[in-house]
Amino acid sequence: DGGVFVQLPPWYVDQRVTLAQGITVTALDTAAKTATLSDGNTVSYGKTLYATGGRPRTLDITGMNLPSVFVLRTLDDATAIRQALEAITAAGATPNVVVVGSGFIGLEGAANALFKGAQVTLVDPVARAWVGMVPPGVSSYIQTQFSRRGATLYYDHAVSGFIAGPDGKLSATRIANIQDTNAQPIEIACDLAIVGVGIQLNSELADAAGLATDPRHGVVVDDHLRASAADVYAAGDVAAYPDPVAGRMHFEHWDNAIASAQTAAANLTGGDEIYRHVPYFFSDQFDLAINMLGYPSAMATLVVRGDVTKDAFTTLFAEGGILRAAMMVNDDAQMDLLRELIAANTRLPADLAPLGDPTFDLATLKQADAPANAPAGE
């Protein structure tokens with residue numbers, strides 16, 4: 001299905017790009033400007049782009065390597081999960097699925113499993129969905145979407161092991177209440193499990209090459225996406241770039257991968273572009289098209305525009321009197337305007353209540369001189 005690719009193979013030929021599939025870089029010499037490849041060859045470069053992304057984190061527990069325990073990062077991963085679900089339903093049974101983690105990968109995996117008729121149990125050691133990113137009211141809305149569709153939610157619970165049955169296949173997931181250490185572990189019967197607990201950035205090659213890295217955010221770059229060695233740039237998940245609001249950060253979404261690659265490409269070819277990009281991600285869950293712009297925070301004051309009961313609304317995130325983020329649910333008509341307002345550090349009126357009226361014209365918030373905003377500490 002060509003729809004899952006950003007570009008089809010003929011595009012690379014047309015653009016005079018040599019695509020070396022199945023070959024990795026095993027060493028980078030930034031002084032000699034050479035890269036050693038896994039096929040034994042060494043290539044020289046004038047400038048190079050480090051865009052290694054990340055790999056799924058796993059759990060250091062018994063049973064993680066059982067065949068029916070999946071991570072989700074690649075097209076092959078998605079295909080394997082779909083085929084496993086379809087095999088169970090084709091046999092006339094209802095799949096029992098445990099999803100570990102309630103970030104976007106976890107929630108999208110759970111939503112798709114529910115859509116395919118599975119019984120879904122979601123487990124996460126945190127107290128609520130998106131706990132570090134949104135206030136409790138938003139978490140409650142998201143969790144309700146899953147529970148009313150039949151999912152069982154275990155927050156404040158951690159997975160302690162995946163259990164194999166007599167046939168060697170996954171038969172259950174064992175979880176424990178992290179708030180009550182005296183509680184007995186719970187075993188949840190399941191046919192397959194999806195582990196979505198984030199990614200590990202692929203920065204080992206950069207470390208070995210002596211590039212400056214940040215243990216949390218990857219390869220350290222400046223505002224032009226230049227790494228610490230001459231003529232080396234980084235983009236995508238692994239690039240730790242300076243953001244004027246959040247400070248040093250990286251962002252794990254394809255929108256950032258594409259936008260940062262465009263800036264890096266411009267600078268690799270002689271440009272002088274600064275990477276300034278309002279963080280953005282989207283997630284399709286059930287019939288909900290969720291778009292998040294900016295810098296959401298659990299400490300923000302929320303203003304809701306629209307009808308939550310009809311799953312069509314926008315939530316504005318205000319911090320320190322400034323518009324910092326917006327979450328749109330089936331309501332993206334003003335996305336471009338909101339992106340502009342967030343980028344401009346738009347100051348909001350002291351009385352936020354009028355903003356909740358959908359007829360309030362957000363364009364009137366535009367200001368000739370945006371307030372200065374010092375970046376957070378790195």
Side-chain angles (χ1 to χ4, degrees), residues 4 53-91 93-126 128-131 139 142-143 145-165 168-176 178 185-200 237 252-254 281-286 288 290:
V4 301
R55 59 191 183 275
R57 291 186 181 276
T58 58
L59 301 172
D60 186 18
I61 59 175
T62 301
M64 182 67 212
N65 294 324
L66 288 172
S68 295
V69 178
F70 298 95
V71 294
L72 178 55
R73 180 71 171 174
T74 68
L75 180 58
D76 286 344
D77 295 334
T79 299
I81 294 170
R82 185 185 72 247
Q83 290 176 342
L85 289 170
E86 290 175 348
I88 296 168
T89 55
T94 298
N96 286 297
V97 178
V98 169
V99 175
V100 185
S102 58
F104 287 95
I105 290 293
L107 292 183
E108 289 177 4
N112 280 287
L114 287 165
F115 179 76
K116 289 185 174 293
Q119 294 288 329
V120 173
T121 302
L122 192 147
V123 183
D124 202 317
V126 300
R128 54 185 175 84
W130 305 348
V131 65
S139 298
I142 295 297
Q143 290 168 209
Q145 296 297 324
F146 283 83
S147 59
R148 73 181 181 86
R149 289 173 170 87
T152 301
L153 310 180
Y154 282 98
Y155 283 95
D156 286 323
H157 283 73
V159 174
S160 56
F162 296 112
I163 303 169
K169 297 179 180 179
L170 177 68
S171 65
T173 299
R174 182 182 294 116
I175 67 173
I178 64 172
I186 301 169
E187 290 192 3
I188 304 164
C190 60
D191 304 296
L192 62 99
I194 302 171
V195 177
V197 292
I199 66 170
Q200 176 68 46
D237 293 357
E252 300 167 8
H253 192 275
W254 78 277
F281 55 80
F282 67 86
S283 182
D284 292 330
Q285 301 169 22
F286 311 115
L288 308 177
I290 302 172

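Note that the coordinates shown come from a computational prediction; the quantities given were computed from them, not determined experimentally.
Separation of atoms CZ (R73) and CD1 (I105) is listed at 7.5 Å; rounding is to 0.5 Å. With values rounded to the nearest 0.5 angstrom, E108 atom CD is found 8.5 Å from L72 atom CG. Note that CG of L170 is 6.0 Å distant from CG of L66, once rounded to the nearest 0.5 Å. The line from CD1 of I194 to CG of N112 is 8.5 Å long, rounded to the nearest 0.5 Å. Interatomic distance, T121 OG1 to I175 CD1, rounded to the nearest 0.5 Å: 8.0 Å. Within the model, atoms OG of S68 and CD1 of I81 stand 11.0 Å from one another, a figure rounded to the nearest 0.5 Å.
Side-chain atoms of D156 do not come within 3.5 Å of backbone N or O of I178 as any donor-acceptor pair. Here the side chain of Q143 pairs a donor or acceptor atom with the backbone of A129 at under 3.5 angstrom. A distance-only check finds no donor-acceptor pair linking the side chain of D237 to the backbone of G54 [under 3.5 Å]. At least one donor-acceptor pair closer than 3.5 Å links the side chain of S171 to the backbone N or O of I163.
Looking at H157 and I186, their side chains come closer than 4.5 Å, going by heavy atoms from C-beta outward. A heavy-atom distance below 4.5 Å is found between the side chains of L59 and V195. Between S139 and V131 the shortest side-chain heavy-atom distance does not fall below 4.5 Å. Side-chain contact between I188 and N96 is absent, with no heavy atoms from C-beta onward closer than 4.5 Å. Side-chain contact between F162 and I61: present, with at least one pair of heavy atoms (C-beta onward) separated by less than 4.5 Å. At a threshold of 4.5 Å between non-hydrogen side-chain atoms, the residues F282 and H253 count as touching. Looking at heavy atoms from C-beta onward, F281 lies out of side-chain contact with E252 at the 4.5 angstrom threshold. Inter-residue side-chain proximity for M64 and V71 is flagged as met; some heavy-atom pair is nearer than 4.5 Å.
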Could you please spell out the steps behind the side chain to side chain contact (heavy atoms under 4.5 Å, CB included) verdict for F115 and R149?
CA-CA 9 Å; F115 179 76; R149 289 173 170 87; over 6 Å; no

Between L114 and F286, does a side chain to side chain contact (heavy atoms under 4.5 Å, CB included) hold up when you go through it step by step?
CA-CA 9 Å; L114 287 165; F286 311 115; 3.7 Å; yes

Please determine whether side chain to side chain contact (heavy atoms under 4.5 Å, CB included) holds for the pair V123 and T173, giving the CA-CA distance in whole Å, both sets of side-chain angles, and the decisive distance to 0.1 Å.
CA-CA 10 Å; V123 183; T173 299; 5.7 Å; no

Could you please spell out the steps behind the side chain to side chain contact (heavy atoms under 4.5 Å, CB included) verdict for V97 and L85?
CA-CA 9 Å; V97 178; L85 289 170; 3.7 Å; yes

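Considering every non-hydrogen atom in both W130 and L107, the closest pair reads NE1-CD1, 3.4 Å. The shortest heavy-atom contact between R128 and Y155 is C-CE2, 3.4 Å. Residues S102 and L122 come closest through the heavy atom pair CB-CD2, 3.5 Å. Considering every non-hydrogen atom in both R174 and P185, the closest pair reads CG-CB, 3.9 Å. Across all their heavy atoms, V120 and A113 have their closest contact at CG2-CB, 3.7 Å. Of all heavy-atom pairs spanning P95 and A93, the tightest one is CD-O, 3.6 Å.
Using modelled atom types and a 3.5 Å distance limit, the side chains of D77 and T74 yield a donor-acceptor pair. Judged purely by distance below 3.5 Å, without hydrogens or angles, the side chains of Q200 and R55 never pair a donor atom with an acceptor atom.
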